[in-house]
There are 2 protein chains.
Amino acid sequence: MFKELDPILHSQLRLAVISLLISVKEADFTFLKEKTGATAGNLSVQLQKLKEAGYIEIEKSFKDNFPLTTCKISKDGIAAFEAYVKNLKQYISIKKEN
Amino acid sequence: MFKELDPILHSQLRLAVISLLISVKEADFTFLKEKTGATAGNLSVQLQKLKEAGYIEIEKSFKDNFPLTTCKISKDGIAAFEAYVKNLKQYISIKKEN
DNA sequence: TAGAGTAGTTTATAATATAAACTAGTTTTA
DNA sequence: TAAAACTAGTTTATATTATAAACTACTCTA
């Protein structure tokens with residue numbers, strides 16, 4: 001009856017990050033930190049997890065002498081997000097059949 | 001930007017339970033166990049958490065000599081579920097206005 | 001009356017989330 | 001120019017959560 005909710009996405013911070021990356025396509029660490037309100041440490045860890053899952057790509061460079069971490073969503077990430085949303089809908093709008 | 005997702009509800013099993021109780025109003029332990037596919041131990045723990053949060057009421061009785069645990073959603077539970085769904089929508093359908 | 005089954009609960013452990021502490025630099029400012 | 005403050009992160013320790021395994025306490029059946 002209830003489909004599994006991808007544990008990688010069923011996390012408030014990771015879901016917020018993916019949600020942002022879906023809409024902006026590319027974002028740097030500080031932007032994500034501000035928009036999500038997360039601490040840097042937590043964000044760092046969750047970005048790594050999203051990367052390990054293959055849901056985002058992370059590029060490290062420098063801008064004005066400071067380190068710059070840029071994140072982009074991947075095809076797998078988009079697919080996973082769409083599947084997650086689809087499954088989640090089962091939980092938040094019940095169909096009464098059976 | 002992103003509203004907090006009630007941690008009591010942001011759990012696959014607890015969300016499934018609440019989701020069921022919203023639609024059926026009353027359900028026993030075995031019904032919830034079958035519909036969610038959870039193990040009895042996990043379900044027992046999560047029902048206690050929902051009860052402690054005041055989201056459900058649990059009544060224990062006997063039916064045909066066997067223990068019967070009946071769960072019902074509370075007003076607070078309904079309100080929490082509605083708030084959760086409302087907040088969640090921010091995450092799964094992005095509005096581009098800042 | 002022993003074995004299997006029902007309906008759970010408790011407890012131990014694995015997984016997750018999070019903040020605090022740390023690294024490695026850069027930019028003031030005194 | 002040296003110390004203090006700031007940027008942009010990472011690592012690590014801890015608290016929280018989720019979960020399954022083990023257990024309790026019966027009942028039914030052969």
Side-chain angles (χ1 to χ4, degrees), chain A residues 2-20 26-53 55-72 80 84 87-88 91, chain B residues 2-20 26-53 55-72 80 84 87-88 91:
Chain A
F2 291 104
K3 297 254 179 63
E4 234 247 314
L5 296 176
D6 183 344
I8 294 292
L9 294 185
H10 198 62
S11 137
Q12 186 167 327
L13 181 48
R14 289 195 299 268
L15 187 60
V17 167
I18 288 290
S19 173
L20 285 168
E26 191 169 304
D28 61 52
F29 191 93
T30 303
F31 174 85
L32 293 173
K33 185 169 168 300
E34 276 166 8
K35 288 288 179 184
T36 60
T39 60
N42 193 10
L43 182 57
S44 179
V45 171
Q46 306 312 330
L47 288 179
Q48 285 310 312
K49 288 197 182 175
L50 287 170
K51 185 190 166 192
E52 274 161 37
Y55 292 178
I56 67 169
E57 280 142 39
I58 300 181
E59 234 189 68
K60 276 150 200 301
S61 59
F62 280 87
K63 195 200 171 189
D64 301 332
N65 290 329
F66 286 104
L68 178 71
T69 298
T70 309
C71 304
K72 214 182 282 194
Y84 174 78
N87 290 343
L88 190 62
Y91 290 76
Chain B
F2 290 103
K3 297 252 180 65
E4 234 245 315
L5 296 176
D6 184 343
I8 294 292
L9 293 184
H10 197 63
S11 139
Q12 185 166 328
L13 181 48
R14 289 194 299 268
L15 186 61
V17 167
I18 287 291
S19 172
L20 285 167
E26 191 169 304
D28 62 51
F29 191 94
T30 303
F31 174 85
L32 293 173
K33 184 170 170 299
E34 275 167 9
K35 287 288 180 184
T36 60
T39 60
N42 194 11
L43 182 58
S44 178
V45 171
Q46 307 311 329
L47 289 179
Q48 285 309 312
K49 289 197 181 176
L50 287 170
K51 186 191 166 188
E52 273 160 39
Y55 293 177
I56 66 170
E57 280 143 39
I58 300 182
E59 233 190 69
K60 276 152 200 300
S61 59
F62 281 87
K63 196 200 171 189
D64 301 332
N65 291 327
F66 286 103
L68 178 71
T69 298
T70 308
C71 304
K72 214 182 283 196
Y84 174 79
N87 290 343
L88 190 62
Y91 290 77

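Labels below follow one simple rule: chain letters A, B, ... track the order of the sequence lines, proteins then strands, and each chain is numbered from 1.
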Among [options], which nucleotide sits nearest the side chain of [X]?
X       : options                : answer
B:Thr30 : D:dT19, D:dA20, C:dG8  : C:dG8
B:Phe29 : C:dT18, C:dA7, C:dG8   : C:dG8
A:Phe66 : D:dA8, C:dT10, D:dT10  : D:dA8
B:Asn65 : D:dT10, D:dA20, D:dT27 : D:dT27

*When you look at CD of B:Gln48, are more than 12 heavy atoms from neighbouring residues, nucleotides or ligands closer to it than 6.0 Å?*
yes
_Looking at D:dA18, I'd like to know if its phosphate oxygens (OP1 or OP2) sit under 4.0 Å from a side-chain N or O belonging to B:Arg14._
yes
*asked:* For a quick test of reading the model: is some side-chain N or O of A:Thr39 closer than 4.0 Å to OP1 or OP2 of C:dT18?
replied: no
Between atom [atom1] in [X] and atom [atom2] in [N], what is the gap in whole Å?
X       : N      : atom1 : atom2 : value
B:Gln46 : C:dT9  : CD    : C1'   : 13 Å
B:Asp64 : D:dC26 : CG    : C1'   : 14 Å
A:Lys33 : C:dT18 : NZ    : P     : 15 Å
A:Leu47 : D:dT10 : CG    : P     : 8 Å
B:Gln48 : D:dA18 : CD    : P     : 15 Å
A:Lys49 : C:dA17 : NZ    : P     : 5 Å
B:Lys63 : D:dT27 : NZ    : C1'   : 15 Å
B:Phe62 : D:dA25 : CZ    : C1'   : 9 Å

Would you mind classifying the nucleic acid contact of [X] as base, sugar-phosphate or nothing, using non-hydrogen atoms under 4.0 angstrom?
X       : result
B:Lys60 : sugar-phosphate
B:Ser44 : base
B:Gln12 : nothing
B:Asn42 : base

*May I ask you to test the A:Gln12-B:Tyr91 pair for a side-chain heavy-atom distance under 4.5 Å?*
yes
*Between OG1 on residue A:Thr69 and CZ on residue A:Phe31, distance to nearest 0.5 Å*: 15.0 Å
*Between CG of A:Leu50 and CD1 of A:Ile58, what distance do you get to the nearest 0.5 Å?*
8.0 Å
*Using 30° and 60° as the class limits, which term best fits the ring planes of A:His10 and B:His10: parallel, tilted or perpendicular?*
parallel
_Which residue lies more 5' along DNA chain C, comparing B:Leu68 with A:Pro7 via nearest heavy atoms_ = B:Leu68
